[in-house]
Amino acid sequence: MGKLKEILSHPGEILPLYHMYKVAKAAEKLPSDPDRAFCFDILNNVSRSFSIVIQQLPQPLKDAICIFYLVLRGLDTVEDDMAYPKDKKVPDLLSFHKKIYDRNFNLNCGYNHYKRLMKNFQRVVNVFLSLDPAFQNVIADITKRMGEGMAEFLEKDVISVADYDLYCHYVAGLVGIGLSQLFAMSNLESDSFGKNEGLSNHMGLFLQKTNIIRDYLEDILEEPAPRMFWPRDVWSRYASTLDEFKAPSHRVGAVRCLNHLILDALRHLPHCVEYMQSLRNTQVFRFCAIPQIMAMGTLSICYNNGKVFEGVVKMRRGLTATVFESCSNMGDLLHWFLLFLTQLQETAETSTASNDPTLSLLQSTVRGHIDLCREALAKYENAHQPPKAVTLAGLVQDTVFSVAAAIYVYAAWNLGAGTAMGGGRVNSASSINNDGKDDGGLLSSSSYHENSFHFLRSVAAKTFPTVTPIFDLETPPKVVALAAELNGGDLQQAAATPDLSTRTIRFRSQSIRLEVEEVKRRGRKLRKGGFFWRFVDGEGG
């Protein structure tokens, strides 16, 4: 019932869930070759989400990345098996890159599906040896480097943040480097793309650190012995031992440590944006973008969330499905980043203790990332916006629509008689200044009009490009009132209804659509009326 209630409470996610279900079912259709069939079947079992995105890649890259993943998963299984004798584990990690050329190679280690993978590893080897030698060389080289790194960290703990970065480089940054080389060798990306190891490394570190942060409880409870990678130099500021964070009595320190590590992970995001901007193939872009969005979303819900120390915290399935369905280009990626960064910012501002030692730095970091993403999104949209031909019909249509919009807002907001919905003066606990930010003051209608003008004009430029001049400083306040609603301000009702939550603003040609979640208004509801969201009295609307 819990999952059904979750789905029904987000009806917009039902269709993406259905589409993801169909894609997942399609991924279960296996190749006719028995060895390739085993590889894709075991991939479905050990990582369904990764299997879905990999299945959408073109050949021969699809097979190469499938085998790359399974080889490294095999190596990781050796490292993760805490029952595996250490005197045998280190030699096996160091020689694993050679064993993948042996058609008789298999091991008895791991658990559940991983045990099945290792017992049948010769099937993976068979497909590996069928790949282009250039792909084989990349996979073997990354496996060698990763095995050496894993063996190094079997002998030492993660003490400093530098150790933390190095460990994540070995187990994830090298994956990013290898993938970039495979993209280049498949000719889907440029030859130079595979040579930028720095950006590729950041891609891997962002994902790995997110996993390490989210999986605290699973890792600390692992039997027969936990494997923990939270750097001691960080957690020791908040506790005497790392397992103290499990106890509710240590929740304050646990959450502060969590927030500290999320701040550290966020430093990789600008480099990930730069990496993604350099991709040119849509299928490769989706393959890389979806995990990055999921990582940012996971950090957003983990931030300041004590439930990380009580169980599994992850994005709801419907939201994940929506990400899978709506991530095809850089604009989509940046929209998702902005959504999750804004949610994290809101948590920091409203729910985080003011004496949290990393709060101030986190807030400035998130503001910088939001500015970065907004700037990148504006450049992307300007570069990819198709030119709109100005025709007589289009001019008439835009003009009629603009006038109708002005009349509608004028009447619906009842501003003609000098009154706002709440009275003769626009009273609010917050207001919008020239750069669209909350200045926390009280504005009169004339001041409200003047301060909203620049935002409204930007709306007009996107929505009514042929009649933008109609919005000038002489425009009646009734039209300008629309700006506050679009900007998430709603000055008339903000004080009375602080739970108004505007999550997404999107512009469409000749229409304005405001998406609002969980709006509760003293007997009023927001309903979609024509091109606008309007106030409707009563429950029936």
Side-chain angles (χ1 to χ4, degrees), residues 46-47 49 76-77 79-82 111-112 114 150 153-154 156-173 204-269 291-292 294-316 320 340 343-344 347-348 351-353 356-359 361-362 365:
V46 299
S47 180
S49 59
D76 186 63
T77 300
E79 184 213 21
D80 281 348
D81 189 344
M82 300 308 294
Y111 310 94
N112 302 321
Y114 301 104
M150 288 178 170
F153 275 90
L154 285 177
K156 70 177 185 179
D157 294 328
V158 177
I159 306 298
S160 66
V161 173
D163 292 337
Y164 185 41
D165 285 351
L166 182 60
Y167 174 77
C168 291
H169 163 73
Y170 284 141
V171 300
L205 264 62
F206 188 58
L207 301 184
Q208 183 65 20
K209 288 184 176 183
T210 299
N211 292 338
I212 288 174
I213 291 168
R214 179 199 61 197
D215 294 340
Y216 166 86
L217 191 63
E218 177 184 339
D219 291 342
I220 201 78
L221 294 177
E222 185 174 344
E223 296 291 346
R227 287 294 310 279
M228 298 302 298
F229 300 100
W230 286 30
R232 182 183 298 172
D233 284 354
V234 174
W235 64 254
S236 61
R237 302 183 190 185
Y238 308 99
S240 300
T241 61
L242 190 51
D243 63 355
E244 286 182 7
F245 292 152
K246 293 183 297 182
S249 58
H250 288 84
R251 190 64 75 243
V252 172
V255 169
R256 289 182 175 181
C257 184
L258 170 71
N259 293 348
H260 192 140
L261 290 178
I262 289 175
L263 170 62
D264 171 78
L266 287 172
R267 66 186 164 94
H268 301 290
L269 188 135
Q292 295 292 317
M294 298 292 293
M296 187 61 247
T298 299
L299 292 178
S300 175
I301 60 175
C302 285
Y303 181 76
N304 208 53
N305 188 348
K307 292 182 179 179
V308 169
F309 304 95
E310 301 169 8
V312 179
V313 175
K314 60 182 179 180
M315 291 170 56
R316 65 179 182 271
T320 299
F340 293 130
Q343 289 178 353
L344 197 158
T347 301
S351 305
T352 307
D356 186 302
T358 60
L359 176 60
L361 182 56
L362 179 125
T365 298

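Worth saying up front: this structure is predicted, and the values here are computed from it rather than measured.
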Visitor: Give a yes or no on whether the backbone of S236 and the side-chain of S240 come within a donor-acceptor separation of less than 3.5 Å.
Guide: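 Between the backbone of S236 and the side chain of S240 there is no qualifying donor-acceptor contact (under 3.5 Å).
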Visitor: I need the N211 CG to R214 CZ distance, nearest 0.5 Å.
Guide: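 Reported to 0.5 Å precision, the distance equals 4.5 Å.
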Visitor: Identify the two heavy atoms, one from L258 and one from N304, that lie closest to each other, and give their separation to 0.1 Å.
Guide: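 So the minimum-distance heavy-atom pair works out to CD2-N, 4.1 Å.
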Visitor: Applying side-chain contact (heavy atoms from CB on, under 4.5 Å), run through Y164 and D264 and close with a yes or a no.
Guide: CA-CA 10 Å; Y164 185 41; D264 171 78; 3.4 Å; yes
Visitor: Which pair of heavy atoms, one from M315 and one from F340, lies closest together, and at what distance?
Guide: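 Looking at all heavy atoms of both residues, the closest pair is CE-CZ, 3.8 Å.
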Visitor: Do the non-hydrogen side-chain atoms of E244 and Y238 ever get within less than 4.5 Å of each other?
Guide: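 Contact flag for E244/Y238 side chains = no.
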Visitor: Could you report the tightest heavy-atom contact between H268 and K209, atom names first, then the distance?
Guide: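 For H268 and K209, the tightest heavy-atom pair comes out as NE2-NZ, 3.0 Å.
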Visitor: Indicate the atoms forming the closest heavy-atom contact of Y303 with L359, along with that distance.
Guide: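 Looking at all heavy atoms of both residues, the closest pair is OH-CD1, 3.9 Å.
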Visitor: Work out which heavy atom in S300 is nearest to a heavy atom in Q343; give both atom names and the distance.
Guide: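 Scanning both residues, the minimum pair turns out to be OG-CB, 3.5 Å.
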Visitor: Quick one: closest heavy-atom pair of L362 and A348, and the distance?
Guide: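 Taking every non-hydrogen atom into account, CD2-CB, 3.8 Å.
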Visitor: If you round to the nearest 0.5 Å, how far is CG of L242 from CE of M228?
Guide: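 The CE atom of M228 sits 4.5 Å away from the CG atom of L242.
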Visitor: Just by distance, do the side chain of R232 and the backbone of V158 share a donor-acceptor pair under 3.5 Å?
Guide: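 No, because the side chain of R232 does not come within donor-acceptor range (under 3.5 Å) of the backbone of V158.
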Visitor: Quick one: pull up CG in L299 and CG in L263 and give me the separation to the nearest 0.5 Å.
Guide: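 Going from CG on L299 over to CG on L263, the span is 11.0 Å.
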Visitor: Rounded at 0.5 Å granularity, tell me how far CZ in R267 sits from OG1 in T365.
Guide: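 Those atoms lie 11.0 Å apart.
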Visitor: Would you verify whether the NZ or CZ of K156 falls within 45 degrees of the ring axis of F153 while also being under 6.0 Å from that six-membered ring's centre?
Guide: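 Yes, K156 lies over the aromatic ring of F153.
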Visitor: With heavy-atom distances below 4.5 Å as the criterion, would you say the side chains of Y111 and D81 are in contact?
Guide: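 Yes, side chains in contact.
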Visitor: Taking the side chain as every heavy atom from C-beta outward, state whether W235 and H260 have any pair of such atoms under 4.5 Å apart.
Guide: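 Counting from C-beta outward, W235 and H260 never come under 4.5 Å.
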Visitor: Drop me the distance from M150's CE to D76's CG, to the nearest 0.5 angstrom.
Guide: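 CG of D76 is found 4.5 Å from CE of M150.
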Visitor: Check each of T358, D356, T347 against N259 using the side chain to side chain donor-acceptor pair (under 3.5 Å) test, and report the only one that passes.
Guide: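 The single option meeting the side chain to side chain donor-acceptor pair (under 3.5 Å) with N259 is D356.
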Visitor: To the nearest 0.5 Å, what is the distance between CG on L261 and CD1 on I212?
Guide: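 It comes to 9.0 Å.
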Visitor: Table please: side-chain donor-acceptor pairs of residues 307-314 below 3.5 Å, with sequence neighbours left out.
Guide:
none

